[in-house]
Amino acid sequence: MTPRQSDALVFFGATGDLAYKKIFPALQALAKRGELAVPVIGVAKAGWNLDQLRARAEDSVSRHGGLDRDAFDQLSSQLRYVDGDYKDPATFAALRRELGGAAHPAHYLAIPPALFGPVVEQLAQSGCANGARVVVEKPFGQDLATARDLNRILLGAFVEQDIFRIDHYLGKRPVHNMLFARFSNPIFEAFWNRTLVESVQITMAENFGVQGRGGFYDATGAVRDVIQNHLFQVLSNLAMEPPARMDSECLRDEKVKVLKSIPALKAEDVVRGQFRGYRAEPGVAADSQVETYAAIRLQVNSSRWQGVPFYIRAGKSLPVTATEIVLRLRQPPTVFPNALPLPNYFRFQIMPRQTVAFGVTAMDDADQMIGQRAEVVASRQPGADERAAYERVLGDAIAGDATLFARMDYVEEAWRIVDSLRTMNSPVREYEPGSWGPAPRVEDIAPPGGWADPAMPEAAHD
Ligand code: BG6
């Protein structure tokens, strides 16, 4: 079935941070490609008018990626603004008027989750939800129960096919590319299994703190901020079977199967850390037990992966900003008695570079048959014309392509896996900003052979 194209984009939270940092630049980029043919209606409660919103949009694109005069003028001419309270029917009556003849708007909720309920209710009552779809920012709930509550609210006005749950990581080209690389190159698939792979690790490191988002972060923590969503999506792309067809449902079916084969986390599978100084951040509780670093171990009990441990770690205030996957292969049989144990590995860097690398053992320079590491690397910098993640997901939401959005059964499985953490009370250990997390202890989980820290990008591949 051909997806239904939206004929207007409404975004709630038009004067907010996300709009400023990501949404306006993405809309300008879509306009530049000639892919923004619909009115864009910002909604917020700021006491602003349309000129003020236009000025804000211009400032936003100038600071985030650069102003493109023609594209911006086009966006600006399509921009509309509705100011008002999200609980006031008058706001939605005004929105209805702005929508004019649009019969299939996309309503994008770039607002705090506590406001989803009132907005959806008003969209339904005002008739703005008729024929429409809704696009919801992450986090989708705080746990399985609240995700289901939220979904019930959305289902009060929309059907599942019209609920688009954003995970902007899926809009990143290298994440997208994982499936293309896997399923177009039999050379990968040949060793992509429990027979040859010893362990899999995924690292998402950020060398900055919570950047003024202390209030949000302290109610969320690393597991719910990035592991349960972004990194589980990366894991699913890594571990899934080839889909029967490349349509959104076949693809999402395979992802759900991966999560279904993962048992819930146990206390011994988790290390939680908090960087020194976090509790002094505005919005953070003075005795906060929220993790800014987490490392977890998962089992994927599919026939392809059973017995292969998967490790995921994510943290703020780590030494570098990089997201990377390493599959370590099993040791080769001993032929050279003095050779170092250097397993082959396969490395996928998602950011900052896009890298596919294969780690091999080469003869050492002194010809002593000890061996040394060498990497076969294919790496590229993101191109200037490359779609940013938000551009891709917003474009797809307008076009009605659900492939890069999380389906509810997937979201439920993802919460099921991490929900056990809530009642575990596993301790949070302090670490130095700029270090690789809490000082290791013998009982800590770690991949066999240790974590592979992403190197500084400049040094990693050149
Ligand atoms: C967001 C998280 O979803 O993703 C942030 O809330 C995180 O904490 C960000 O920094 C990372 O995404 P990107 O695209 O900026 O690397």
Side-chain angles (χ1 to χ4, degrees), residues 13 16-26 29 60 63-65 108-113 135-142 147 164-178 202-235 237 272-275 278 281-284 288 290-294 312-325 348-355 381-382 386-394 404-406 411 414 418 433 437 454 457:
D17 204 45
L18 186 68
Y20 188 70
K21 289 188 181 148
K22 304 281 188 189
I23 302 173
F24 288 122
S60 149
R63 278 170 187 253
H64 300 283
Y108 174 24
L109 310 185
I111 49 178
V135 186
V136 191
E137 261 304 327
K138 71 165 263 283
F140 196 87
Q142 285 290 303
F164 282 48
R165 300 173 192 83
I166 284 201
D167 185 321
H168 81 277
Y169 240 65
L170 286 176
K172 287 182 187 284
R173 187 179 189 276
V175 175
H176 216 38
N177 182 38
M178 287 170 69
I202 304 171
T203 297
M204 176 179 177
E206 294 181 311
N207 68 359
F208 48 84
V210 293
Q211 295 186 309
R213 297 160 74 224
F216 160 78
Y217 199 87
D218 211 38
T220 309
V223 171
R224 287 185 283 166
D225 186 36
V226 296
I227 293 184
Q228 182 267 356
N229 35 68
H230 303 332
L231 299 183
F232 277 10
Q233 289 285 358
V234 170
L235 166 76
N237 278 357
R272 296 194 315 129
Q274 188 185 80
F275 68 81
Y278 169 71
E281 294 278 343
V284 172
S288 172
V290 167
E291 78 283 352
T292 60
Y293 168 98
I312 302 182
R313 66 178 169 163
K316 302 276 187 198
S317 286
L318 299 188
V320 295
T321 297
T323 300
E324 195 167 274
I325 301 156
F348 245 128
Q349 184 169 97
I350 289 171
M351 53 104 49
R353 300 273 282 251
Q354 298 172 19
T355 299
Q381 291 280 23
E386 202 154 302
R387 283 180 197 271
Y390 267 91
E391 184 195 340
R392 188 172 275 120
V393 291
L394 285 183
L404 300 183
F405 296 82
V411 172
V418 302

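As the structure lists them, so they are numbered: ligands from 1, and atoms in each ligand from 1.
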Hey, does Tyr217 come in under 3.5 Å of ligand 1, counting only N/O atoms on both sides?
no
Taking Asn237 for its side chain and Val175 for its backbone only, find out whether a donor-acceptor pair lies under 3.5 Å.
yes
Please tell me whether Thr323 and Tyr169 have a donor and an acceptor in their side chains that are separated by less than 3.5 angstrom.
yes
Taking only non-hydrogen atoms of Lys138 and a 4.0 Å limit, the atoms of ligand 1 in range are 1 (C), 2 (C), 3 (O), 6 (O)
Atom indices of ligand 1 within 4.0 angstrom of His230 heavy atoms, with elements
1 (C), 3 (O), 4 (O)
Mark up the atoms of ligand 1 that fall under 4.0 Å of a heavy atom belonging to Met204, in ascending order.
11 (C)
Check this for me, if you would: do Lys138 and Asp225 make a salt bridge, where the nitrogen-to-carboxylate-oxygen distance has to be below 4.0 angstrom?
yes
Name the option, out of Lys316, Lys172, Lys21, that contains the heavy atom nearest to atom 16 (O) of ligand 1.
Lys172
The closest protein heavy-atom partner of atom 12 (O) of ligand 1 is His168 NE2, 3.2 Å
Taking distance alone, with N or O pairs closer than 3.5 Å, would you say Tyr169 contacts ligand 1?
no
Nearest heavy atom to atom 5 (C) of ligand 1: which of Arg213, Lys22, Met351, Glu206 does it belong to?
Arg213
Of all the atoms in ligand 1, which lie at a distance below 4.0 Å from a heavy atom belonging to Asp225?
2 (C), 5 (C), 6 (O), 8 (O)
Using the six-membered ring wherever Trp is involved, compare the ring planes of His230 and His168 and label them parallel, tilted or perpendicular (cut-offs 30° and 60°).
perpendicular
Counting N and O atoms only, with roles assigned by atom type, does the side chain of Glu291 sit under 3.5 Å from a partner on the main chain of Ala222, one being a donor and the other an acceptor?
yes
Pick from Asn177, Val234, Thr355: which one makes a side chain to side chain contact (heavy atoms under 4.5 Å, CB included) with Ile350?
Val234
Got a donor-acceptor contact below 3.5 angstrom from the Asn229 side chain to the Arg224 backbone?
yes
